[in-house]
Amino acid sequence: MAAEPIIGHLLPTDDDHKRHQLEAGTRLVRRLIRVIRELARGSLHDGHEHAADLPGFRLGIVVRADDGNETYVAVKITGSVPGDLVAVILRHVPGCDPELWDTAVRLPERSLFGPEQAWFNVMEPKAAAQLLEEDV
């Protein structure tokens, strides 16, 4: 009878699983940062909501810039996300002070639907100009 191969040392350990989760979280945050900039840039160009589907939720951003007035930003999330991920999203909207976000009951063009949550802020003019100049 042949001896069974011992492979236990080749299987993932708890540390391997933790590292995989950490790396997956890092990939999600990097993707979020890229998507947030793309959505904000697109909305800054046309003033309409731009949205993207992410794992478990939909992220929408509306940026409205008027000559001589402040640049308004609204972030909308549809679906369920942990509170700490909301903070990560709001912290990475270009040109917006993370401490000045406030909840919104409506978007510029409509009221919120049941599963939506939204926040608003003001974007710094220099950040808006830089965002418009970025190549996609």
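The structure presented is a predicted model; accordingly, all values stated were derived computationally and were not measured.
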Item to check | Pairing residues for D16 by the side-chain hydrogen bond (donor to acceptor under 3.5 Å, both in side chains) criterion, not counting sequence neighbours | outcome: T13

Taking atom [atom1] as the centre, does [X] end up with more than 12 heavy-atom neighbours from other residues, nucleotides or ligands that are less than 6.0 angstrom away?
X: I7; atom1: CD1; answer: no
X: R27; atom1: CZ; answer: yes
X: H45; atom1: NE2; answer: yes

Item to check | Contact check, side chains of H17 and H20, non-hydrogen atoms, under 4.5 Å | outcome: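 Side chain of H17 against side chain of H20, heavy atoms only: no contact under 4.5 Å found.
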
Next on the checklist: Any non-hydrogen side-chain atom of V73 less than 4.5 Å from a side-chain atom of W101?
Outcome noted: yes

Which donor-acceptor pairs under 3.5 Å do the side chains of residues 82-96 make with protein atoms, sequence neighbours left out?
residue	atom	partner	partner atom	Å
H92	ND1	V88	O	2.8

Pairs satisfying salt bridge (Lys or Arg N to Asp or Glu O under 4.0 Å), at least one member in [range], at least two apart:
range: residues 17-26; result: R19-E23
range: residues 116-131; result: K76-E116, R110-E116
range: residues 92-106; result: none

For the hydrophobic clusters of this structure (ILVMFWY residues joined by side-chain heavy atoms under 4.5 Å, transitively), does one cluster hold both [X] and [Y]?
X: L39; Y: V63; answer: yes
X: V62; Y: V35; answer: no
X: L112; Y: V75; answer: no
X: L100; Y: F120; answer: no

Item to check | Distance, nearest 0.5 Å, that separates NE2 of H50 from CD of E38 | outcome: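 Atom-to-atom, H50:NE2 and E38:CD are 11.5 Å apart.
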
Next on the checklist: Would you compute the distance between atom CZ of R64 and atom CG of L44 and round it to the nearest 0.5 angstrom?
Outcome noted: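 One finds 11.5 Å between CZ of R64 and CG of L44.
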
Next on the checklist: What verdict does the side-chain contact (heavy atoms from CB on, under 4.5 Å) test give for L131 and R37, after you've listed the backbone C-alpha separation in whole Å, the side-chain angles of each residue and the deciding distance to 0.1 Å?
Outcome noted: CA-CA 8 Å; L131 197 56; R37 291 190 77 79; 3.7 Å; yes

Do any side-chain atoms of residues 51-61 form donor-acceptor pairs under 3.5 angstrom with protein atoms, and if so which ones, sequence neighbours left out?
residue	atom	partner	partner atom	Å
D53	OD1	R58	NH1	2.8
D53	OD2	R58	NH1	3.1

Checklist entry - Within the distance-only criterion (no hydrogens, no angle test), does the side chain of T71 pair as donor or acceptor with the backbone N or O of V122 below 3.5 angstrom? => result no

Next on the checklist: If you compare all heavy atoms of H48 against all heavy atoms of D46, which two are closest, and at what distance to 0.1 Å?
Outcome noted: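 So the minimum-distance heavy-atom pair works out to N-OD1, 2.8 Å.
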
